[in-house]
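Heads up, the thing below is written out as C-alpha cells.
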Amino acid sequence: MHLPNLAPIPELYVSYDSAQKLKAEAGDLVSHDLTPRQTCDLELLMNGGFFPLKGFLGREDYNGVVENMRLADGTLWPMPITLDVSEAFAEKVSEGQDIALRDQEGVILATMTVTDIWTPDKAREAEKVFGADDSAHPAVNYLHNQAGKVYLGGPVTGIQQPIHYDFRARRDTPNELRAYFRKLGWRKIVAFQTRNPLHRAHQELTFRAAKEAEANLLIHPVVGLTKPGDVDHFTRVRCYEAVLDQYPAATTTMSLLNLAMRMAGPREAVWHGLIRKNHGVTHFIVGRDHAGPGKNSAGEDFYGPYDAQELFRAHQDEMGIEMVDFKHMVYVQERAQYEPADEIEEGVTVLNISGTELRRRLQEGLEIPEWFSFPEVVTELRRTRPPRARQGFTVFFTGFSGSGKSTIANALMVKLMEMGGRPVTLLDGDIVRKNLSSELGFSKEHRDLNIRRIGYVASEITKNGGIAICAPIAPYATTRRAVREEIEAYGAFCEIHVATSLEECERRDRKGLYKLAREGKIKEFTGISDPYDEPQNPELRLDTENVDVDNCAHQVLLKLESMGLIAA
Ligand code: PPS
C-alpha cells in the first residue's frame, strides 16, 4: 500500500523578487504567445502537476517518451509535453537563447532557455502516442492541423501562474491540495477524473470506490481543454457543486484541474495517474474506455475498452498510485438503488440512460427521470442546452463557384425568416469578401483566413441563439472541420454540399470567371487551378442539376427539421 508523501512538491517558480526582476528583463527577449493548450501545459509544468518535468521536452526526452513512454533518464512519462511553434518563429531563435512565454493577452508567465529546436516526425508521434495517424483522433487532428511544425524544448523558469477569473476558490495547485490533505489529516485519497457532468451513477460509483478503499474522495474534474463538443466547464462546475452536497460531509472535496486533455486512452490514463500522484492522491479511478477519443475514421474504437486499465495496472507500482476499477453502476428498479452491473441477479429490472439518449432528451426537451440524475444537475444542463429548436445553429453551404450556393442560401434565409423565432444572418461569400475579408485574395492562406473569419462570426451567432447561414466555396476539408468544431461547441453545424459538377458550373459560367480562369487570366481558381476537397460526410448533399432552387431550400428545411432544429 502506498501512503502519500504529502511534503511539498518542487515547483518551477522563482521567488517574488526574482520574478519582478525577470519580468523587467524579459522586455528584451523574443516572445512566444502561448496557445490555450500550451498555457494549460505551462501551468501544470510550473506548479508541479507535471513533476518531474522541468520544462517543455527536449529532443532526447521527446524521442524516449514517444517510443517507450520514458524520459531519456528512464523515468516513466507517457505524454509528450512539447512547445510547438511556427517555422517563422523558430527562425528567430537559436539553441541556448532565452525566450519569454506569454499568455494570449501578452502577460509574461515564464521564460524558457531553448536547448533543442527540431522538426518532429508527426506521423510517428501520432502512431506511437495516439495509436494511429488518423485525424479522426482529436489530438492527431491537433498535431497535424493546429500545432506548429517545429518544437522547442528546454527548462522553464516560472514567473507567475496563468490568471483565472472563474471559480478561483475551486482551483488548487498540487501543493495547495497537499496542504489541504495534510490539514484535514487525509492520508488515503481516491481521485475521480471527469470531463462530463456527474449523474447519480457517478455519485454512487465514486462513493463506493472511496468506501471500499477506506479513503477520502477527491472529485478532480478537468476544466482546461477536453474533447470538442463536451459540455462547457462553467456549466459542469455548477453541476459538480450541486452533486457535492450528495456526499457525506467531510469525506469528499472537489478541485478543478486546468489540464489540456489529449484523449489518448491508455497513455492518458497513466498520465492522469502521475498528475494525481503529484497532487497528493493515493488511488485513482480508471474506467472503461478512460479518456477515449471516440471512433476512428473507419468507425471503430481507437483502443480496447480495458486497455487503459491494463496499462495503468502494469505501471502502478512504479507510479506509486493505486488503480481502483470503475464499476459499471446500473439502477435496479425493484430495489430503487444503484448496484454494480456484475453483481445483479437475473430477472430484475435494470434501467439505464446512455449518454446519447441523455443528449437526445435534452435536445428534445423530454423528461429526465430523478433516478437518473439530480434535479439541480438537470436544471443546469437544460439552462445551457435548451432544446435544439431553441438553440442557435449554423448552416454551412460549400461548393464550386457558380454551384448555386448563394441562391439557395438566400431562399433558405427567406423561408427561415418567414417562420420567425430566431434572428437569421446570411454570410454569403460575396458579402463576406466585401465586409470582413476585403483585403484577402485566393491563396491557400487567405482562403483559410476567410473561412476562419466566417466560422468565428457564425460561432458567435450560434452561441447567442441565432441562425447563421454561410455560403463560401470553403474548398479545404481541414478548415471546414475546424469551423465545425468551433461551432459545435455552441450549437448544431449543418454542412451542405452543393454538389453541382464542375462541368455544369463551367457551362453556366454566370460571372464569366471560368472562361477567364481557363485563359489563365484569373489564377488559383477553384476547380481549374486550385483544389476543392469534396465533403465526405456532409449533413446533406444537394443535386442542383435536376432540381429547382425552391426545392433545394426545402430539402434543407427538412434536414433542419430532422435534426430537431426547427419545431414542427
Ligand atoms: S473561398 O475559397 O471560400 O475563400 O472563396 P469565397 O470567399 O467563397 O469567394 C469565392 C467568390 O470569389 C470569386 N472569385 C474566385 N473564386 C474562386 N477562386 C478564385 N481564384 C476566385 N477569384 C474570384 C468568385 O466569384 C466566387 O464567388 P461564387 O459566389 O462562389 O461564385
Side-chain angles (χ1 to χ4, degrees), residues 145 394-414 424-462 468-487 493-536 538-545 547-550 552-553 556:
N145 301 318
T394 292
V395 183
F396 194 95
F397 290 94
T398 166
F400 289 118
S401 168
S403 56
K405 301 181 300 287
S406 305
T407 322
I408 303 168
N410 268 294
L412 176 68
M413 176 173 74
V414 172
V424 190
T425 300
L426 177 59
L427 296 164
D428 189 26
D430 288 339
I431 304 173
V432 170
R433 286 215 167 248
K434 198 161 132 212
N435 295 302
L436 269 182
S437 295
S438 57
E439 86 286 19
L440 300 184
F442 290 88
S443 64
K444 176 166 190 330
E445 201 189 348
H446 279 191
R447 286 181 200 259
D448 261 354
L449 207 55
N450 181 41
I451 301 307
R452 282 178 186 276
R453 287 179 189 172
I454 294 174
Y456 172 70
V457 176
S459 75
E460 287 295 307
I461 291 168
T462 303
I469 305 176
C470 314
I473 298 178
Y476 308 126
T478 45
T479 328
R480 292 196 301 262
R481 174 173 169 160
V483 168
R484 175 188 286 274
E485 280 178 3
E486 193 176 357
I487 287 164
F493 181 81
C494 181
E495 183 177 36
I496 302 195
H497 179 206
V498 184
T500 318
S501 66
L502 183 66
E503 296 70 36
E504 176 63 13
C505 294
E506 194 167 0
R507 195 188 59 71
R508 293 180 193 167
D509 204 7
R510 292 233 170 78
K511 300 180 185 166
L513 297 174
Y514 282 95
K515 182 166 175 291
L516 295 174
R518 285 285 180 203
E519 292 166 4
K521 291 183 182 147
I522 304 181
K523 304 273 180 255
E524 300 174 310
F525 197 85
T526 307
I528 307 291
S529 42
D530 213 64
Y532 179 79
D533 307 336
E534 201 157 280
Q536 296 303 308
E539 273 69 13
L540 181 67
R541 213 183 288 281
L542 286 176
D543 164 15
T544 67
E545 295 177 37
V547 187
D548 68 22
V549 171
D550 194 64
C552 286
V556 180

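Position 1 is the first residue of the sequence, and the numbers go up from there. All ligand and atom numbering here is 1-based and tracks the order in the structure. Below, all heavy atoms of this structure are taken into account, side chains as well, without hydrogens, waters or symmetry copies.
- Atoms of ligand 1 found under 4.0 Å from any heavy atom of T526 (numbered from 1 in listed order, with element): 17 (C), 18 (N).
- Of all protein heavy atoms, the one lying nearest to atom 14 (N) of ligand 1 is F442 CZ, 3.4 Å.
- Set against the non-hydrogen atoms of E524, the atoms of ligand 1 under 4.0 Å away are 18 (N), 19 (C), 20 (N).
- Near P472, meaning under 4.0 Å from one of its heavy atoms, ligand 1 places the atoms 3 (O), 8 (O).
- Ligand 1 has no nitrogen or oxygen under 3.5 angstrom from a nitrogen or oxygen of A471.
- Of all protein heavy atoms, the one closest to atom 10 (C) of ligand 1 is I473 CD1, 3.6 Å.
- At least one donor-acceptor pair under 3.5 Å links the side chain of R480 to the backbone N or O of D533.
- Which parts of ligand 1 touch P475 is read off a 4.0 Å heavy-atom cut-off, strictly below it: atoms 2 (O), 3 (O).
- Listed by number with element, the atoms of ligand 1 under 4.0 angstrom from any heavy atom of K405 are 30 (O).
- For ligand 1 and G402, the ligand atoms under 4.0 Å from any heavy atom of the residue are 31 (O).
- If you number the atoms of ligand 1 from 1 as listed, the ones under 4.0 Å from a heavy atom of L513 come out as 24 (C), 25 (O).
- Within a 6.0 Å sphere centred on CZ of R508, heavy atoms belonging to other residues, nucleotides or ligands number more than 12.
- Considering only non-hydrogen atoms, atom 7 (O) of ligand 1 lies nearest to R433 out of R480, R510, R433, K444.
- Under the 4.0 angstrom criterion for non-hydrogen atoms, K523 is in contact with ligand 1.
- Within the 3.5 Å criterion, the main-chain N or O of K515 finds a donor-acceptor partner in the side chain of D509.
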Tell me, with the steps shown, if R447 and T479 meet side-chain hydrogen bond (donor to acceptor under 3.5 Å, both in side chains). CA-CA 9 Å; R447 286 181 200 259; T479 328; over 6 Å; no
